[in-house]
2 protein chains.
Amino acid sequence: MGSEALRHSGKPRYLQIADDLADQIRSGVLAPGVKVPSESEVMGRYGVSQGTVRKAVAELRTAGLVETHHGRGSYVRSLPPVRRKSSDRFRRSHRKAGKAAYLVETEGAGHTPGVHVLYVGPMDAPTDIADHLGVAEGSKLLARRRRYFVDGVPTEEATSYLPWSIAEAVPELLRDNPGGGGIYARLEEHGHHLAEYVETVRARLATKQETTALQLSPGAPVIHLVRAAVTDEGNVVEVCDTVMAADRFVLDYRIPACD
Amino acid sequence: MGSEALRHSGKPRYLQIADDLADQIRSGVLAPGVKVPSESEVMGRYGVSQGTVRKAVAELRTAGLVETHHGRGSYVRSLPPVRRKSSDRFRRSHRKAGKAAYLVETEGAGHTPGVHVLYVGPMDAPTDIADHLGVAEGSKLLARRRRYFVDGVPTEEATSYLPWSIAEAVPELLRDNPGGGGIYARLEEHGHHLAEYVETVRARLATKQETTALQLSPGAPVIHLVRAAVTDEGNVVEVCDTVMAADRFVLDYRIPACD
DNA sequence: TAGTGGTCTAGACCACAGG
DNA sequence: CTGTGGTCTAGACCACTAA
């Protein structure tokens, strides 16, 4: 009985099994990409029922150690490359090189970047975005939604929102590729001189859609970052809403000391 | 059979039940703090077995909507206070008021702050901290570990590390309460003029210990923040390692645009 | 003690992937 | 087709909590 094993160790059987497997993964007995023994095999090996094995594997999944695929099996997760989002990525000098920040960052780390444009076009302002932009809810905005990849693995999904009145004066913004230096370069070329960026960072569990879009395990955490670009006049001309796979990013910020 | 219901909706029964309950919570039918119907009651109401109900409740738990207590029942989580860590919280002018940043932030939001000092004393430098401080691994450091509360609920655990050579010259740092303005004020009084703070932000799932310390549900995400305090001379005099319950914080950063 | 959530079983059927 | 993970049941026993 399970209760017997429980008395022996003071720990649920499914956690013992999960720890056993986790040790094998961390020690390299089960290498990244390798198939984890099937449920029925683990059932036999430990003499437990399927439900117990499933609970054990669920533990490993939320710990980010394995990913499960219906009909195929469970596999040890290969650790994805970590990208570092530094706060000086918005320097104008970087834009002059003509490359977007993510390209430089990713290639510099020896990885292959990729972007997929999901949508570029008009959209009614959602409440939270409207708040940031200082416009009415439901106002017409330009939305630019794209998904970023590193070595073919999706890591990030970002949507930029701009008031339509600003966007229509900058024709490049309606194209999939806004050109060298990205949309901030285009905005500054059209007289919107940027003074600062304000970022707010949250962390939470991924929604079902995000789990799919970013190929995450259920229960995996994401970083939700909202950045507002503010001009010299104090106007917010763009808001960028980004959802990142938490285990693939580290955010860096430099805060100058002041009085 | 479950398969029948599955065909009807294309959705697993346990998710239907979870969604039903989630709707009742969001619509206010089940208010914060209220007891969720017991497993046996839900079993009867939906005509499913205990395992199915448990999976549904597990969903609500990882979604942060509910907390379960062995032997007592499940309760709708009362929305926790959100503290806003603005990047200007380290201004010297705030320190002159004599209050620590967390006190001002928490009281300003209408909540009752609390601190519990867990440890103040010497410690050997862990590798990552040693890297930040630019000292050898295993060097003698002063460690100051404390847990922060909001309205009695633990929200954050932070450890400050300082090279022992610096700490021993500032006697207040060895006391539980370092005095008005916190350790940054003491450091500046002793000639360490701070030029900037560098923060690195990660998000991940809580470990077992963190789950206990911060009273989180298993599988809940945390924000892991490491801040280095840098002097005019470019020396790192303090590193603060903080783990926060992700759903209780929003981090704010202002990034000045520059060339 | 009664009621609650936590663990476990033995067996069933389903949906998916691959040979 | 076989083997895999995903869902579900009916029933059992345990551990914790509160009356």
Side-chain angles (χ1 to χ4, degrees), chain A residues 1-19 21 34-62 65-77 208 211-212 215 217-219, chain B residues 1-21 30 34-62 65-77 208 211-212 215 217-219:
Chain A
M1 299 296 233
S3 54
E4 241 185 301
L6 214 156
R7 270 192 215 100
H8 289 332
S9 68
K11 207 195 238 178
R13 200 85 179 87
Y14 78 93
L15 277 184
Q16 294 175 28
I17 296 171
D19 286 348
L21 292 170
V34 161
K35 191 172 180 305
V36 174
S38 74
E39 291 183 352
S40 45
E41 187 169 341
V42 178
M43 284 167 68
R45 189 180 300 176
Y46 291 91
V48 296
S49 67
Q50 195 201 18
T52 306
V53 176
R54 289 189 62 73
K55 269 196 103 170
V57 175
E59 284 292 307
L60 298 179
R61 206 176 36 205
T62 65
L65 290 173
V66 303
E67 50 190 25
T68 61
H69 300 279
H70 195 167
R72 271 202 296 142
S74 300
Y75 296 82
V76 179
R77 227 169 142 204
K208 283 267 178 335
T211 300
T212 308
Q215 293 179 13
S217 307
Chain B
M1 298 296 240
S3 54
E4 238 185 304
L6 212 157
R7 271 192 215 102
H8 289 331
S9 67
K11 205 193 234 177
R13 200 82 179 91
Y14 77 91
L15 278 183
Q16 295 176 26
I17 296 172
D19 287 348
D20 271 18
L21 293 171
L30 290 172
V34 160
K35 192 171 181 302
V36 173
S38 73
E39 291 183 353
S40 45
E41 187 169 341
V42 178
M43 286 167 66
R45 188 179 303 175
Y46 289 91
V48 295
S49 66
Q50 194 199 20
T52 306
V53 176
R54 290 188 62 74
K55 270 196 102 172
V57 175
E59 283 292 308
L60 299 180
R61 204 176 36 205
T62 66
L65 290 174
V66 144
E67 49 190 26
T68 61
H69 299 278
H70 195 168
R72 268 202 297 143
S74 300
Y75 296 82
V76 178
R77 237 170 136 204
K208 283 266 182 330
T211 300
T212 308
Q215 294 179 12
S217 307

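Order of the sequence lines fixes the chain letters, A, B, ..., with proteins taken first and strands second; residue numbering starts at 1 for each chain.
- Phosphate contact (OP1/OP2 of dT4(C), side-chain N/O of Ser74(B), threshold under 4.0 Å): absent.
- In this structure, the CD atom of Glu59(B) is 13 Å from the C1' atom of dG6(D), given to the nearest Å.
- Atom pair Tyr75(A):OH and dA17(C):P shows a separation of 12 Å (rounding to whole Å applied).
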In residues 44-53 of chain A, what donor-acceptor pairs under 3.5 Å come from side-chain atoms, sequence neighbours left out?
{"from": "Arg45(A)", "atom 1": "NH2", "to": "Glu41(A)", "atom 2": "OE2", "distance (Å)": "3.0"}
{"from": "Tyr46(A)", "atom 1": "OH", "to": "Asp20(A)", "atom 2": "OD2", "distance (Å)": "3.0"}
{"from": "Gln50(A)", "atom 1": "NE2", "to": "Glu39(A)", "atom 2": "OE1", "distance (Å)": "2.8"}

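- An OP1 or OP2 oxygen of dC8(C) is reached within less than 4.0 angstrom by no side-chain nitrogen or oxygen of Lys55(A).
- Regarding contacts with the backbone of dT7(C), every side-chain N or O of Thr52(A) stays at 4.0 angstrom or more from both OP1 and OP2.
- Distances shown here put a side-chain N or O of Arg54(A) below 4.0 Å from the OP1 or OP2 atom of dG6(D).
- For the pair Ser38(B) and dT4(C), the criterion of a side-chain N or O lying under 4.0 Å from OP1 or OP2 is met.
- Computed from coordinates, the Tyr14(B) OH to dC14(C) C1' distance equals 14 Å when rounded to whole Å.
- The nearest whole Å value for the distance from the CZ atom in Arg61(A) to the C1' atom in dG6(D) is 10 Å.
- Looking at residues 40-48 of chain B, you'll see Ser40(B) sit with a heavy atom under 4.0 Å from some atom of DNA chain C.
- Each of Gly51(A) and His70(A) lies near DNA chain C, and the nucleotide nearest Gly51(A) is the one positioned closer to the 5' end.
- Residue Gln50(B) contributes atom CD, which lies 12 Å from atom C1' of dC14(D) at whole-angstrom precision.
- Rounded to a whole Å, the CD atom of Glu39(B) is 15 Å from the C1' atom of dA12(D).
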